[in-house]
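Presented below is the structure to which this report refers.
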Amino acid sequence: MKTTQLAFIIDDPNNHGANLFSTAILLKSSFSSAVKVRNLKKFNVNFEFDSESNEQYLDWLNEICAGVIEALYSEFPSQVPTDRVQCLLFHLRDFDGIAHTCDSEIMRFSKEIHLSTRYISSVFDGILSRYVDDQNGFCVKQDVEDGTDSVGWTECMKKLLKEIDGVVWHESVHVWQNDGNGTLNGGLTEGIADFIRLEAGLSASDWNESEGGNWDDGYSKTAYFLKWINQNVLNKGIGTKINEPTPSPIPNKGNNSQNYSPTINFIQRLNSALINQNWSPIIFENILGSGNSISSLWKRYQSSLKVEFELVPVDENGWPIAEYCLNIVNPESSGSKLFMKYIATPGNISYLKSVSYGVLNILYEYSNLSPRTIHRVSLIVRDDIDGVAYTTETFYEKLPGSSPKHRAKEIHLSAKYILSFYNRLEKENLTDSQRDEIFLSEIHGVVWHEMTHVWQANGYSTVPGGLIEGIADYVRLEAGFRARHWSKEKGGDWDSGYEQTGFFLKWIENDWEIQKNSLKTQPGFPHFVQRLNASFIDQEWVEDSSFSLILGQSFDHKTLWKIYQSSLEENWKYETGPIDENGWPNPKIYVYIQDKHPGSEIFREHISKSEENNSEEHFGTRWLKKISQAVMFSLYSSTSSVPCHLHSIRFIVREDLDGVAYTTDVDLAIDPVHRIKTVGKEIHLSSGYIHKVAKQKNDWVNLTEEIDGVAWHEMVHVWQQSGISKKAPSGVIEGIADYVRLRSGLGAKHWKEEIGGNWDNGYSKTAYFFKWIEDDMRPETSSSSCFVQSLNSSLAVESWDVQLFEK
């Protein structure tokens with residue numbers, strides 16, 4: 001029998017979220033007569049508890065892992081991958097986001113589940129607020145929170161436990177599921193995890209089946225699709241038969257779980273197929289039978305969801321009259337206070353109405369074409385979301401049990417983003433009026449973008465996502481809220497989305513100069529976006545004709561994109577930056593630390609040790625210049641193809657940054673008359689990431705190597721080429737950056753060469769592939785030894801094409 005060791009770590013047991021977690025788990029037995037899954041003999045699996053971990057926590061984790069294994073493998077018990085999960089570490093700690101699962105950096109063939117105490121706290125606060133609101137004043141929030149109101153406290157803890165259980169079931173699926181040698185579609189990976197969570201009776205309170213989207217959007221959207229397949233396709237006898245014994249029902253797991261169906265066959269068969277073969281959509285037909293392609297299944301599933309909606313009334317101009325709601329979840333947070341000061345206060349629906357009618361007038365040429373099935377539009381300002389904003393669709397009944405249903409759209413705006421954007425402006429050399437103008441334009445622009453998603457048509461969810469986002473940014477442009485970092489730049493694809501596609505659509509409407517008929521006297525094609533959007537009301541997106549049906553047979557989106565790209569070549573010229581005596585670029589170097597975060601202080605100490613005679617005025621410049629020069633020499637054998645238009649490189653360490661680091665272009669000066677730009681680059685590094693690495697590694701040498709390694713990676717993005725028209729895939733771009741980092745001797749400690757995945761997965765996966773080409777493929781010749789330099793130089797004068805490898 002194979003053994004998997006379970007271990008449990010809590011970073012700070014006194015953290016509020018950690019306390020809530022501990023209370024929920026330790027009181028779990030009093031909530032229900034939970035029955036543990038004890039018999040895993042048929043799977044040849046045994047869980048062994050780490051002696052230093054809390055046994056009750058491990059009992060709980062053992063129960064979840066056993067349930068997940070039964071859900072994934074009861075039909076194929078010999079396939080449980082215990083060889084790759086010899087140890088599972090559960091880590092409860094403070095970070096943004098919800099949870100994630102990863103390979104362990106400490107031990108081979110081990111997995112780690114990380115759960116955020118910050119998320120647990122925010123979930124409990126939300127549960128508590130909703131419970132108090134539902135009581136209509138018959139309870140006091142403080143009494144529930146401190147346990148004085150024991151009934152309310154118990155109800156809230158039950159709901160918290162269900163959410164914690166659900167999240168950990170989801171993450172445990174990622175521990176045990178097969179991924180087709182690393183090729184499994186990301187949306188399907190997350191959808192399988194949420195399907196198992198759904199079948200365990202642990203769905204989140206906001207989950208619902210709704211029309212729209214794509215089958216591989218992931219999470220609950222894909223989970224409900226998989227459930228429909230299981231119930232309506234495979235278990236109706238359409239699927240092929242597999243010569244395996246009929247599985248026995250999975251036992252009730254207790255505590256909020258429902259009894260399992262004896263046939264979770266489709267997911268188990270899909271998971272089984274992915275053990276040793278790469279992901280391909282044909283796997284669905286192999287399991288379900290010919291004619292059951294993913295696209296046909298999705299259309300059938302979407303048809304099953306069609307709901308009759310009551311029509312809303314219209315105003316005197318024919319525009320829909322919806323109900324509007326503005327909800328500030330936490331009015332006391334700094335981001336929410338900024339929103340209320342500059343944009344609108346709770347209950348002030350006139351702002352939302354004005355944005356809504358503005359968007360409708362830009363999207364629809366005639367009011368009778370606008371949607372009349374959206375009854376409620378809400379803007380919710382929240383502190384507990386990452387990113388900027390998103391829009392969702394929900395359904396509700398006007399009265400309990402009434403029909404038809406009412407449809408609602410919700411815009412969720414991050415108060416954290418509002419605050420971080422404002423703080424960034426505060427650190428710049430701006431007057432109050434300049435700061436306020438930029439801030440208002442950004443927040444208004446985000447709301448206009450999201451309001452477009454409320455009202456735009458999507459061709460029965462067939463319109464490419466890039467076009468959907470491009471139309472939203474086109475509307476933002478038309479409304480006059482252009483983001484200050486936006487610029488029309490050559491490269492990319494027509495459906496890259498956001499401002500890239502937004503500028504393209506605006507060019508078609510305003511600047512496209514071509515004689516389309518004898519009466520044509522002005523450039524552009526007025527009302528194009530309105531007519532394109534109108535075509536998606538009752539027609540699907542068609543790759544070859546959606547544009548040309550409006551513009552004429554000769555003008556599809558690909559032809560127009562080439563014309564548009566050619567027009568950009570003549571738009572701007574770049575002023576040459578400083579050059580040293582040998583002809584190499586010599587931009588000015590600046591290093592800024594924007595806060596006093598512990599990670600910033602670690603960075604400051606590292607740079608101080610790296611440089612002698614350091615001063616605040618020139619802090620970090622020698623360190624960064626050394627990296628810049630080394631990266632240039634790694635990418636270029638001569639100065640002939642090095643970008644020479646950079647005037648400065650600014651390295652900024654800041655706290656208000658998710659992730660690790662990123663590199664961006666910056667316009668330092670613009671001469672609109674002569675159409676000349678002076679440009680630079682900025683590298684942004686998260687001080688939070690530095691602090692996190694410091695806590696994990698507790699090793700100054702490894703820590704400083706990681707800081708230097710990230711800086712090398714990002715500096716590659718400053719100097720590397722990406723292709724003149726069609727850009728190289730992001731996997732190639734990131735792979736080159738990690739290749740240069742690897743060659744410098746600063747590869748991350750957790751990097752390793754592994755079988756599986758694709759050559760352009762990017763980062764270290766692609767970096768090791770490039771290194772193999774240079775070191776091992778043709779060592780007897782020089783043609784492969786400078787492969788990355790040659791590839792980079794080719795991308796300075798050619799568009800991306802995989803044939804560049806053969807050249």
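The chain is numbered in sequence order, starting from 1. The figures here come from the full heavy-atom set of this structure, side chains too, leaving out hydrogens, waters and symmetry mates.
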Next item on the list: State, with a plain yes or no, whether a side-chain heavy atom of Val312 is found less than 4.5 Å away from one of Ile374.
Entry: no
Checklist line | Donor on one side chain, acceptor on other, Glu410 and Ser378, under 3.5 Å | finding: no
Next item on the list: Please tell me if the side chains of Ser441 and Arg484 come closer than 4.5 Å, counting only heavy atoms from C-beta onward.
Entry: no
Margin query: Side chains of Ser370 and Ser367 only: does a donor on one sit below 3.5 Å from an acceptor on the other?
Written below: no
Item checked: Parallel, tilted or perpendicular: rings of Tyr342 and Tyr422 (30°, 60°) -> tilted
Margin query: Counting C-beta onward and ignoring hydrogens, is there a side-chain heavy-atom pair between Trp759 and Phe805 closer than 4.5 Å?
Written below: yes
Check: Atom CG of Leu646 and atom CH2 of Trp719: how far apart are they, to the nearest 0.5 Å?
Finding: 4.5 Å
Next item on the list: Assign the ring pair Phe547 / Trp541 to parallel, tilted or perpendicular, where the plane angle (0 to 90°) is split at 30° and 60°.
Entry: perpendicular
Next item on the list: Would you give the length of the straight line joining atom CZ of Arg435 to atom CG of Leu440, rounded to the nearest 0.5 angstrom?
Entry: 10.0 Å
Margin query: Check the orientation of His444 and Tyr351. Use parallel for under 30°, tilted for 30 to 60°, and perpendicular for over 60°.
Written below: tilted
Item checked: Side-chain heavy-atom pair Arg372, Val314 within 4.5 angstrom cut-off -> yes
Check: Going by the angle between their ring planes, with limits at 30° and 60°, are Tyr357 and Tyr324 parallel, tilted or perpendicular?
Finding: tilted
Next item on the list: Classify the side-chain pair Trp455/Ser356 by whether it contains a donor and acceptor separated by less than 3.5 Å.
Entry: yes
Check: With under 30° as parallel and over 60° as perpendicular, where do the rings of Trp215 and Phe284 fit, or are they tilted in between?
Finding: perpendicular
Next item on the list: Could you tell me if the ring centre of Phe504 sits under 6.0 Å from that of Tyr474?
Entry: no
Item checked: Over 12 foreign heavy atoms within 6.0 Å of NZ, Lys427 -> yes
Checklist line | Side-chain donor-acceptor pair present, Asp493, Ser496, cut-off under 3.5 Å | finding: no
Notebook entry, point to check: Hey, is CD on Glu437 packed in by over 12 heavy atoms from elsewhere, all under 6.0 Å?
Noted result: no
Check: Got a donor-acceptor contact below 3.5 angstrom from the Gln500 side chain to the Gly491 backbone?
Finding: yes
Margin query: Regarding Thr663 and Glu714, do their side chains bring together a donor and an acceptor under 3.5 Å, going by distance alone?
Written below: yes
Checklist line | Charged N-O contact under 4.0 Å between Arg476 and Glu442 | finding: yes
Margin query: Which residue is it: His449, His453, His412? I am looking for the one with a ring-ring contact (aromatic ring centres under 6.0 Å, His included) to Tyr390.
Written below: His412
Notebook entry, point to check: Say you draw a straight line from CG of Leu467 to CD of Gln456; how long is it, rounded to the nearest 0.5 Å?
Noted result: 8.0 Å
Margin query: Pairing donors with acceptors under 3.5 angstrom, does anything connect the side chains of Glu682 and Thr664?
Written below: no
Item checked: Distance-only side-chain donor-acceptor flag, His485 / Glu499, under 3.5 Å -> no
Next item on the list: Classify the ring geometry between Tyr301 and Phe225 as parallel (under 30°), tilted (30 to 60°) or perpendicular (over 60°).
Entry: tilted
Check: Is any side-chain heavy atom of Thr501 closer than 4.5 Å to a side-chain heavy atom of Glu469?
Finding: no
Note to self: Atom OH of residue position Tyr219 - does it have more than 12 heavy atoms of other residues, nucleotides or ligands inside 6.0 Å?
What the structure shows: no
Next item on the list: Decide whether Glu323 and His375 meet the rule of one side-chain donor and one side-chain acceptor closer than 3.5 Å.
Entry: no
Margin query: Is the shortest side-chain heavy-atom distance between Leu297 and Trp228 below 4.5 Å?
Written below: yes
Notebook entry, point to check: Any salt bridge between Lys299 and Glu211, counting N to O under 4.0 Å?
Noted result: no
